[in-house]
Amino acid sequence: GAVVSQHPSWVICKSGTSVKIECRSLDFQATTMFWYRQFPKQSLMLMATSNEGSKATYEQGVEKDKFLINHASLTLSTLTVTSAHPEDSSFYICSARSLKTSASDTQYFGPGTRLTVL
Amino acid sequence: AQKVTQAQTEISVVEKEDVTLDCVYETRDTTYYLFWYKQPPSGELVFLIRRNSFDEQNEISGRYSWNFQKSTSSFNFTITASQVVDSAVYFCALRLYNFNKFYFGSGTKLNVKP
């Protein structure tokens with residue numbers, strides 16, 4: 001089946017620094033990727049939808065200047081948490097929507113990135 | 001608006017017991033997908049099933065079975081003869097047809113004790 005990878009799988013950073021998380025679709029092309037955030041013992045909440053070659057669409061309440069999303073190619077989207085603070089510590093999960101007609105409505109989730117801000 | 005409710009926050013069973021995880025959803029759309037995902041401690045979401053709103057047939061896959069009832073807007077998940085490896089958080093989710101956004105329930109943590 002389709003595979004989505006994330007890098008790094010976990011990261012610890014100091015407060016005030018920026019962290020970049022990569023999401024890659026390994027064996028398929030994805031015009032659309034999605035970024036979710038999951039706080040401990042909570043559900044996944046969609047942060048933004050990333051479209052290749054255009055600006056990301058952010059969900060209500062998500063600061064676009066703090067969570068920078070770049071979707072430079074059909075297989076790569078990046079999420080940069082700028083000036084991270086302890087409250088940004090969370091599990092970030094991406095998903096990618098396949099271009100294949102037979103699976104055009106299928107999304108594949110990455111393994112997640114655990115961010116801890118000290 | 002769309003909403004998915006998983007009323008059971010945490011369930012504990014002893015190995016070999018059967019367990020049913022409840023999921024109730026709300027939507028005014030007539031075409032949608034329902035999903036179940038398993039999230040083990042590692043965090044990675046494991047896809048279990050996708051059900052089209054037009055297909056109300058129940059499905060069985062090994063020890064797993066799903067009961068979809070549009071009349072009650074429920075999509076319940078049953079694990080038969082549970083095993084310790086089934087311990088995880090299980091999420092029910094809704095996605096409207098031709099839309100990208102997933103609406104996840106709050107999850108049910110299943111503890112299967114030996």
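Quick note on labels: first sequence line is chain A, next is B, and so on, each numbered from 1. It should be emphasised that the depicted structure is a prediction, and the values quoted were computed from it without experimental measurement.
- Heavy atoms closer than 4.5 Å to chain B are found in the side chain of A:Leu46, but not in its backbone.
- Other residues, nucleotides and ligands place more than 12 heavy atoms under 6.0 Å from the NZ atom of B:Lys70.
- The environment of A:Lys55 atom NZ is sparse: at most 12 non-hydrogen atoms of other residues, nucleotides or ligands sit within 6.0 angstrom.
- The contact list for residues 101-114 of chain B toward chain A, using heavy atoms and a distance under 4.5 Å, reads B:Lys101, B:Phe102, B:Phe104, B:Gly105, B:Ser106 by residue number.
- Under a hydrophobic-cluster definition in which Ile, Leu, Val, Met, Phe, Trp and Tyr are linked whenever side-chain heavy atoms come within less than 4.5 Å, directly or via other members, A:Phe91 and B:Val89 are assigned to the same cluster.
- Looking at B:Phe47, neither its backbone nor its side chain comes within 4.5 Å of chain A, counting heavy atoms on both sides.
- By the 6.0 Å contact criterion, CG on A:Leu118 is enclosed, its count of non-hydrogen atoms from other residues, nucleotides or ligands being greater than 12.
- Here A:Leu44 contributes atom CG and B:Gln39 contributes atom CD; the two are 6.0 Å apart, rounded to the nearest 0.5 Å.
- Using a 4.5 Å cut-off between side-chain heavy atoms of Ile, Leu, Val, Met, Phe, Trp and Tyr, with links allowed through other members, A:Leu76 and A:Leu68 fall into different hydrophobic clusters.
- No path of Ile, Leu, Val, Met, Phe, Trp and Tyr side chains, each step under 4.5 Å between heavy atoms, connects A:Ile93 with A:Val117, placing them in separate hydrophobic clusters.
- Annotation: residues 36-43 of chain A contacts chain B through A:Tyr36, A:Gln38, A:Gln42, A:Ser43 [non-hydrogen atoms, separation under 4.5 Å].
- Heavy atoms from other residues, nucleotides or ligands lying under 6.0 Å from CD of B:Gln57 number 12 at most.
- No continuous path of ILVMFWY side-chain contacts below 4.5 Å connects A:Tyr58 to A:Met45, so the two sit in separate hydrophobic clusters.
- Residue B:Gln6: no heavy atom, backbone or side chain, is found under 4.5 Å from chain A.
- In this structure, B:Leu34 is not a member of the same hydrophobic cluster as B:Val24, with clusters built from ILVMFWY side-chain heavy atoms closer than 4.5 Å.
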